[in-house]
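From a predicted model like this one, the values you see are computed outputs, not experimental measurements. So you know, we letter chains A, B, ... as the sequences are listed, proteins then strands, and number each from 1.
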2 protein chains.
Amino acid sequence: MAINKKEAFSQEEQALATMAKALAHPARIAILKELAKRNECICGELVDVLPLAQSTVSQHLRELKEAGLIAGTIDGPKSCYCINESAFRKAIDSFSSFFKEIETRQKAAGCCS
Amino acid sequence: MAINKKEAFSQEEQALATMAKALAHPARIAILKELAKRNECICGELVDVLPLAQSTVSQHLRELKEAGLIAGTIDGPKSCYCINESAFRKAIDSFSSFFKEIETRQKAAGCCS
DNA sequence: AAAGTATATCGCAAATATACGATTTAGTAC
DNA sequence: GTACTAAATCGTATATTTGCGATATACTTT
C-alpha cells in the first residue's frame, strides 16, 4: 500500500499541488520573503535569520530550487540564490486561476456553509 | 532531533504554510474543484470521481476540514461537504498578499535569474 | 601547498503523510 | 428489532519530510 497515486490526477492538479507543497513550510515562506527583500542573497545570511541549522536551510533551499521557484548560482565559495521570476509568476498564475475557478463556480448558494 | 520548529516562525508564515499544505496534494485540489462545481456534494460521489478508496477520500476531506477550507454537515446517513467561502477567501487573501509582497520587492534587478 | 570559509551532501532519527482494507458508527428502511 | 447504506475511524505498511551533526566539496587566502 501507500503507493503514490499522484500520477492518477491531471497535470494541472499535480503542478498546482507541487507548488503548494513548496510553500507548505514556514521556513520556505520566510526564505522567499527574505530573498525578495534582498534580491541577492547567500545561504549564510539566511542561516543567521532563520532558526534552523545550516544543513536544514540548505535542504529547504534545494526544495525550493527543485520546485523551480528559486535559482542558484555558484559565486566563488558562496552561493547566490534568488527568486526565479518567471517560474514564480507562473506559479502565481496557477494559483490565481485555481482560486478564480473555485470562486466563480461557488457563486450559487451553498448547502451547509 | 526532527522536533517541529514551525512554531519558531511568525503566525502569518505558519498560517500561509498551513493553507499551502492543505493544497499540497492533487486529490485535495480535485476535491475542492468538484465541491465548487456541484456546490453540494456527498463523499460517495467524490469516491466515484477520484481514483482513491473511500477511506482515503475521507482522510483528505478531514484534512481540508481541519484546515478550515471546507465545512461538513451530517445529512441523514450521508454527509454534505461544501467549501467554506469565508475561510477560502481569507486563504486567497493570504496568498495574494504574499505574492504581492514578493513581486513588489522583486522589482529591482535580480543577480542570477 | 596549507588553512580557512561557505555551502552541499550524507547518514541517521523522528515525525508526518499517504493509502488501503477492515471495522465502527449513524442513520434509514423494512 | 434487523438489514441496509454511507461515511468515519482504526490499524497498519510504506513513503516522505523535517531536522541535525558530521563530512565532503569547492573556492579563497596566505
Side-chain angles (χ1 to χ4, degrees), chain A residues 1-9 13-14 17-18 20-31 34-35 40-67 70-82 111-112, chain B residues 1-9 13-14 17-18 20-31 34-35 40-67 70-82 111-112:
Chain A
M1 306 139 200
I3 301 143
N4 238 355
K5 287 253 176 146
K6 284 173 188 167
E7 328 78 39
F9 295 88
E13 286 161 351
Q14 287 183 58
T18 300
K21 195 169 203 172
L23 302 179
H25 195 288
R28 294 195 286 273
I29 301 284
I31 287 172
E34 198 65 25
L35 286 179
E40 181 179 22
C41 207
I42 55 171
C43 181
E45 294 178 47
L46 285 170
V47 173
D48 295 340
V49 172
L50 300 173
L52 296 168
Q54 181 264 325
S55 56
T56 307
V57 172
S58 187
Q59 226 174 301
H60 282 302
L61 283 167
R62 182 166 52 167
E63 281 176 69
L64 286 169
K65 197 174 181 182
E66 273 167 8
I70 64 175
T73 50
I74 297 164
D75 178 23
K78 306 181 182 183
S79 284
C80 170
Y81 280 108
C82 20
C111 57
C112 50
Chain B
M1 304 135 201
I3 299 146
N4 238 355
K5 287 255 178 149
K6 285 172 187 168
E7 328 80 37
F9 295 89
E13 286 161 352
Q14 287 185 58
T18 300
K21 195 169 203 173
L23 302 178
H25 195 287
R28 294 196 284 275
I29 301 283
I31 287 172
E34 198 65 24
L35 286 180
E40 181 180 21
C41 205
I42 56 170
C43 181
E45 294 177 47
L46 285 171
V47 172
D48 295 341
V49 173
L50 301 173
L52 296 168
Q54 180 263 325
S55 56
T56 307
V57 173
S58 188
Q59 224 172 302
H60 282 303
L61 284 167
R62 182 167 50 166
E63 280 177 69
L64 286 169
K65 198 173 181 183
E66 273 168 7
I70 64 175
T73 51
I74 298 164
D75 178 24
K78 305 181 181 180
S79 284
C80 169
Y81 280 108
C82 21
C111 56
C112 48

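- Residue Thr56(B) is in base contact, counting any heavy-atom pair closer than 4.0 Å across all strands shown.
- When each of dT9(D), dT17(D), dT9(C) is scored by its nearest atom to the side-chain atoms of Arg62(B), the top-ranked nucleotide is dT9(D).
- Side-chain atoms of Ser55(B) lie closest to dC20(C) of the nucleotides dT16(C), dG27(C), dC20(C).
- One atom, CG of Leu50(B), and another, C1' of dC20(C), lie 15 Å apart when rounded to the nearest Å.
- Within the nucleic acid shown, Gln59(B) comes within 4.0 Å of at least one base atom, counting heavy atoms only.
- For Tyr81(B) and dA6(D), the shortest distance from a side-chain N or O to OP1 or OP2 is not below 4.0 Å.
- Here the side chain of Lys21(B) is nearest to one of dA22(D), dA22(C), dT16(C), namely dT16(C).
- Leu52(A) comes within contact range of the sugar-phosphate backbone alone, with a heavy-atom separation under 4.0 Å but no base atom that close.
- The side chain of Lys78(B) approaches dA7(D) more closely than any other nucleotide in the set dA7(D), dT9(C), dG19(D).
- Here the P atom of nucleotide dT7(C) and the CG atom of Leu64(A) are 16 Å apart, to the nearest Å.
- Of all nucleotides listed (dA7(D), dC20(D), dT18(D)), dT18(D) comes nearest to the side chain of His25(A).
- Taking side-chain N and O atoms only, His60(A) has no distance below 4.0 Å to OP1 or OP2 of dT17(D).
- The CG atom of Leu52(A) sits 12.0 Å away from atom OG of Ser58(A), with the distance rounded to the nearest 0.5 Å.
- Rounding to the nearest 0.5 angstrom, the gap separating the CG atom in Leu50(A) from the CD1 atom in Ile31(A) is 5.5 Å.
- Rounding to whole angstrom units, CD1 of residue Ile42(A) and P of dC27(D) are separated by 16 Å.
- Residue Lys21(A) holds its NZ atom at 9.0 Å from CZ of Arg28(A), rounded to the nearest 0.5 Å.
- Each of Lys6(A) and Lys6(B) has a nearest nucleotide on DNA chain C; the 5'-most of these lies closest to Lys6(B).
- Among the heavy atoms of the strands, none lies under 4.0 Å from Lys65(B).
- Atom CD in Glu63(A) sits about 16 Å away from atom P in dT16(C), given to the nearest Å.
- Looking only at side-chain heavy atoms (C-beta outward), His60(A) and Leu46(A) stay at 4.5 Å or farther from each other.
- Taking CZ from Arg62(B) and NZ from Lys65(B), the interatomic distance works out to 10.0 Å, rounded to the nearest 0.5 Å.
- Rounding to the nearest 0.5 Å gives a distance of 11.0 Å between CG of Leu64(A) and NE2 of His25(A).
- For the pair Ser58(A) and Lys5(A), nearest-nucleotide mapping onto DNA chain C gives the more 5' position to Ser58(A).
- In terms of phosphate contacts, Asn4(B) brings a side-chain nitrogen or oxygen within less than 4.0 Å of OP1 or OP2 of dT16(C).
- If you measure from atom CG of Leu61(B) to atom P of dT18(C), you get 13 Å, rounded to the nearest angstrom.
- Contact of Gln54(B) with dA8(D) (side chain to base): a donor-acceptor pair of N or O atoms is detected under 3.5 Å.
- Using a 4.0 Å heavy-atom cutoff across all strands shown, Ser79(A) reaches sugar-phosphate atoms only and no base atom.
- Nucleotide dT25(C) holds its C1' atom 10 Å from the CD1 atom of Ile74(B), rounded to whole Å.
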